[in-house]
Amino acid sequence: LPGAAKLVVVIAIFLLTFYVISQVFEIKMDANLGHIFARSALDAAARSTKPPRYKCGISKACPEKHFAFKMSSGAANVVGPKICVEDNVLMSGVKNNVGRGINVALVNGKTGEPLDTKFFDMWGGDVAPFIEFLKSIQDGTIVLMATYDDGATKLNEEARKLIAELGSTSITNLGFRDNWVFCGGKGIKTKSPFEQHIKNNKDTNKYEGWPEVVEMEGCIPQKQD
């Protein structure tokens, strides 16, 4: 009997231990499953509340028959400007197609397709090629401009007048190392609402010798026949 009793006790302890372990294991399994389901629910909620991304990263969607754009001037003489239209980055430092002076991107006003990109050095360059370029722009073309470093020193009255005819109001006051971004059009009948200008002022400049970057976004109306 003592031997049989001992065997019963051993078996009972074994069964009890197995039961406890199985219960703990199930609880842990349940906890892990619960954690997984909770994470899945949180991830789904995060996805549903994540704000949608609009073209060029602008803050809201453009209505039909409008082209989304976003642009920024250069930062001092270090980071070049950036021009994006309809989710297409037309000019940027990464694309290596920007330069000191005034950077210009041309876009078809009917289709939104890019036509040309150029930059004109208004510090050490000649304004004549810039004037010829401005004169060659076809009616119905969207024109986007952004300064980098200095965009004004070589500008003369003729160049400023041609840019004003594209819808700019700030071009007459654009000075040495001012930061400026502008979106207008050839053949525009009114002044463009898309323009930002910050004066170079040693008392308010963000960078030594240069004002802060100017940024602008919006929706350009598609040209109608």
**Prompt:** Testing Glu195, His197, Gln196 for side-chain hydrogen bond (donor to acceptor under 3.5 Å, both in side chains) with Trp180, which one passes?
**Reply:** Glu195

With hydrophobic residues grouped by side-chain heavy-atom distances under 4.5 Å, do [X] and [Y] end up in a single group?
X      : Y      : value
Phe194 : Val214 : yes
Met145 : Leu106 : yes
Ile171 : Leu162 : yes
Met71  : Val213 : no

In Å, rounded to the nearest 0.5 Å, how long is the span from [atom1] of [X] to [atom2] of [Y]?
X      : Y      : atom1 : atom2 : value
Arg177 : Tyr148 : CZ    : OH    : 12.0 Å
Lys161 : Ile131 : NZ    : CD1   : 11.5 Å
Leu144 : Phe182 : CG    : CZ    : 8.5 Å
Ser136 : Asp116 : OG    : CG    : 8.0 Å
Ile163 : Leu166 : CD1   : CG    : 7.0 Å
Thr141 : Asn108 : OG1   : CG    : 7.0 Å

Minimum side-chain heavy-atom gap [X]-[Y] below 4.5 Å:
X      : Y      : value
Leu90  : Phe69  : no
Leu155 : Ile102 : yes
Thr117 : Ile83  : no
Val127 : Glu158 : no
Phe67  : Val107 : no

**Lys/Arg-Asp/Glu bridge criterion (N-O < 4.0 Å) met for Asp178, Lys199** =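 Salt bridge present between Asp178 and Lys199.
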
**Prompt:** Salt bridge check: are Lys223 and Asp139 linked by an N-O gap of less than 4.0 Å?
**Reply:**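 No, Lys223 and Asp139 are not salt-bridged.
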
**Prompt:** Hey, is CD on Glu157 packed in by over 12 heavy atoms from elsewhere, all under 6.0 Å?
**Reply:** no

How far apart are the closest heavy atoms of [X] and [Y], and which atoms are they?
X      : Y      : answer
His66  : Cys62  : CB-CB, 4.1 Å
Asn88  : Pro114 : ND2-CG, 3.6 Å
Pro81  : Val98  : O-CG1, 3.7 Å
Gln222 : Lys110 : NE2-O, 2.6 Å
Cys56  : Ala68  : SG-O, 4.1 Å
Arg160 : Ala152 : NH2-O, 3.7 Å

**Asked** Would Phe120 and Phe133 satisfy ring-ring contact (aromatic ring centres under 6.0 Å, His included), going step by step from the backbone distance to the final call?
**Response** CA-CA 10 Å; Phe120 299 90; Phe133 177 80; 5.2 Å; yes

Donor-acceptor pair, distance only, cut-off 3.5 Å: does the side chain of [X] make one with the backbone of [Y]?
X      : Y      : answer
Asn179 : Glu212 : yes
Asp149 : Arg100 : no
Asp121 : Asp126 : no
Ser73  : Val181 : no
Lys186 : Ile137 : yes

